[in-house]
Amino acid sequence: MRLTVVGGCGAWPAAGQACSGYLVEHDGFRLLIDPGYAIVPRLLERIDATEVDAVLVSHSHPDHCADLHPLLRARVLREEPAPVLPVHTLPGAVDRILDLDGPGTLQDAFTLVEFAAGDQFEVGPFQVQTWQLPHSVPNAGIRLAADGQVLAYTGDTGPSPAIVELARGANLFLAEASFPEQVPARAANYLSSARQAGKDAARAGVGRLLLTHLLPGTAPGLAEAAARATFTGEAGVAHGGIVADLGP
C-alpha cells in the first residue's frame, strides 16, 4: 500500500499548497481520500483524472471535499468521458458540492455510495472500517487494510478514546493536528493538537505518525516537536509530495 499526500493544509490552502487530499494505491487501484480545496491541480501533476478509481470522503467540510467538483468535471467534460466514479460518503456530505453546476449536470460522472460512521465495507482491494469521531459535523475516522498493511486516518476530530481503537497497530497513522500544543477552548471538542496525536499514536502502538491539517502559518517544526514529546516513534508532517510505502 502506498500513500501520496496531495495536500495537507487545514481550513484553507496556504500559498502554493492544498488542503486535505490523500491518494492511496494498492494492486493498481487508486483511492482518493478527501479531495479538499486545491488538490486537483496537484493530483493532475501525478495522474490523469480518469485514473482515480474511487473517492472516499470523511466529512462535509469543503477543505475535505470541495475539489470533488473539478475532479468530476475533468472526468466528464471531455471527448471520451471517464467511467462512473464511485464516491463513498456519509449521507448528505457532498450534496452541495454535486449541485454546484445545477441538479443533474454531473449525474453521469459519479455514483454515490453512502455509509454510516461505524460501517465496514470494501473499496477495491481495501477493507474499510469506520468510526464516528467528534467534530462540528458528522465525521468518520477511516481505517484501510490490504495484504496486512494498515493506514488509519482521523478526518477531523476532537479527543476520543475511539481514536486509539481506530489506529491500533497501524503501519501509518495520519492524524489531524490543527494546533501544535493546545487547542483553543472554542474548538477543543472537535479539533486536535499534535501533542494529542502523539499521545494517541503511542497508546495505539503505530509504526509511523504523520501529522496533517495544520492551520496555515503553523511552523511544521513546532508541530513535529509537540508530537515527539509524547511519541517516540517515527513522526513527521504531511505536505504535498510526501510518499509513504506501508510495507514490512
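In this text the structure is predicted, and so the values were computed from the model without any measurement.
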One should read off an interatomic distance between Leu71 CG and Ile39 CD1, to the nearest 0.5 angstrom, of 6.5 Å
Please test Val243 against Leu3 for side chain to side chain contact (heavy atoms under 4.5 Å, CB included), starting from the C-alpha separation and ending with a verdict.
CA-CA 6 Å; Val243 177; Leu3 167 72; over 6 Å; no
If we ignore hydrogens and angles and just use 3.5 Å, is the side chain of Asp34 paired with the main-chain N or O of Ser58 as donor and acceptor?
yes
Exercise: identify the closest heavy-atom pair between Phe115 and Pro91
O-CD, 3.1 Å
Applying side chain to side chain contact (heavy atoms under 4.5 Å, CB included) to Val94 and His69, what does each step give before you reach the verdict?
CA-CA 9 Å; Val94 296; His69 182 255; over 6 Å; no
Should Leu246 and Tyr153 be regarded as members of a common hydrophobic cluster, given that ILVMFWY residues are connected when their side-chain heavy atoms come within less than 4.5 Å of each other, either directly or indirectly?
yes
Could you pull out the closest heavy-atom pair between Ala109 and Leu72, with the gap in Å?
O-CD2, 3.9 Å
Donor-acceptor pair, distance only, cut-off 3.5 Å: does the side chain of Glu224 make one with the backbone of Gly236?
no
Where is the tightest heavy-atom contact between Val237 and Ala223, given as atom of each residue plus distance?
CG2-CB, 4.4 Å
Thr154 side chain vs Glu176 backbone, donor-acceptor pair below 3.5 Å
yes
Ala140 and Ala117: which non-hydrogen atoms are nearest, and at how many Å?
CB-CB, 4.3 Å
Which residue is it: Leu32, Ile142, Leu144? I am looking for the one with a side chain to side chain contact (heavy atoms under 4.5 Å, CB included) to Val24.
Leu144
Distance-only donor-acceptor check, side chains Tyr37 and Ser20, under 3.5 Å
no
So, taking the atom named CZ in Arg208 and the one named CZ in Phe231, what distance separates them when rounded to the nearest 0.5 Å?
10.5 Å
Any chain of hydrophobic side-chain contacts (each under 4.5 Å) joining Leu106 to Leu44?
yes
For His135 and Tyr190, indicate whether the former's side chain and the latter's backbone hold a donor-acceptor pair under 3.5 Å.
yes
If you define the side chain from C-beta out and look only at heavy atoms, does anything of Leu209 sit under 4.5 Å from Leu174?
no
Are any of the side-chain nitrogens in Arg73 or Asp67 under 4.0 Å away from the carboxylate oxygens of its partner?
no
Treating Glu51 as the side-chain partner and Asp48 as the backbone partner, does any N or O pair qualify as donor plus acceptor under 3.5 Å?
yes
How close do Ala175 and Ala197 get, counting heavy atoms only, and between which atoms?
CB-CB, 3.9 Å
For a 4.5 angstrom cut-off between non-hydrogen side-chain atoms, does Val5 reach His239?
no
ILVMFWY cluster, Phe110 and Ile47 together (side-chain gap under 4.5 Å)
yes
Is any side-chain heavy atom of Asp200 less than 4.5 Å from a side-chain heavy atom of Phe173?
yes
How about Val123 and Pro86: do any of their side-chain heavy atoms sit closer than 4.5 Å?
no
Heavy-atom closest contact (Ser178 atom, Thr218 atom, distance):
O-OG1, 4.1 Å
Quick one, Leu210 and Leu172 - any side-chain contact, counting heavy atoms below 4.5 Å?
yes
Do any N or O atoms from the side chain of Arg168 and from the backbone of Arg203 form a donor-acceptor pair under 3.5 angstrom?
yes
Quick one: do Val128 and Leu90 end up in the same hydrophobic cluster if we chain Ile, Leu, Val, Met, Phe, Trp and Tyr together by side-chain heavy atoms under 4.5 Å apart?
yes
Atom CD in Gln127, atom CG in Asp147: separation rounded to 0.5 Å?
10.5 Å
Side chain to side chain donor-acceptor pair (under 3.5 Å) between Thr212 and Tyr22, intermediate numbers included
CA-CA 11 Å; Thr212 193; Tyr22 314 101; 2.6 Å; yes
What I want to check is whether the side chains of Asp156 and His61 have a donor and an acceptor closer together than 3.5 Å.
no
Is any side-chain heavy atom of Gln120 less than 4.5 Å from a side-chain heavy atom of Thr130?
no
To the closest 0.5 Å, what do you measure between CG (Leu191) and OG (Ser136)?
7.0 Å
Hey, quick one: are Trp12 and Val137 part of the same hydrophobic cluster, counting side-chain heavy atoms closer than 4.5 Å, chains of contacts allowed?
no
Spell out, as yes or no, whether a donor-acceptor pair under 3.5 Å connects the side chain of Arg75 to the backbone of Ala49.
yes
Cys19 backbone acceptor or donor facing Asp63 side chain under 3.5 Å:
no
Before accepting this row, confirm whether a basic side-chain N of the pair Asp245/Arg2 lies closer than 4.0 Å to the acidic partner's carboxylate O.
yes
Is the backbone N or O of Leu23 less than 3.5 Å from a side-chain atom of Arg46, with the two atoms forming a donor-acceptor pair by type?
no
Gln129 versus Trp131: any side-chain heavy-atom pair under 4.5 Å?
yes
Determine the interplanar angle of the His26 and Phe126 rings, folded into 0 to 90°, and report it as parallel if under 30°, tilted if 30 to 60°, perpendicular if over 60°.
tilted
Gap separating the CG atom of Leu211 from the CZ atom of Arg228, nearest 0.5 angstrom
9.5 Å
For the pair Arg195 and Gln182, evaluate side chain to side chain contact (heavy atoms under 4.5 Å, CB included) and give the outcome as yes or no after the intermediate values.
CA-CA 8 Å; Arg195 180 175 286 271; Gln182 187 171 356; over 6 Å; no
Without swapping roles, check the side chain of Arg143 against the backbone of Leu166 for a donor-acceptor pair under 3.5 Å.
yes
Full working for side chain to side chain contact (heavy atoms under 4.5 Å, CB included) between Leu85 and Thr111
CA-CA 6 Å; Leu85 181 67; Thr111 182; over 6 Å; no
Quick check: do Thr4 and Ile242 have side-chain heavy atoms less than 4.5 Å from each other?
no
With rounding to the nearest 0.5 angstrom, report the SG to CG distance, Cys65 to Leu98.
9.0 Å
With a 6.0 Å cut-off (strictly less than), is the heavy-atom count around CZ of Arg78, excluding the residue itself, greater than 12?
yes
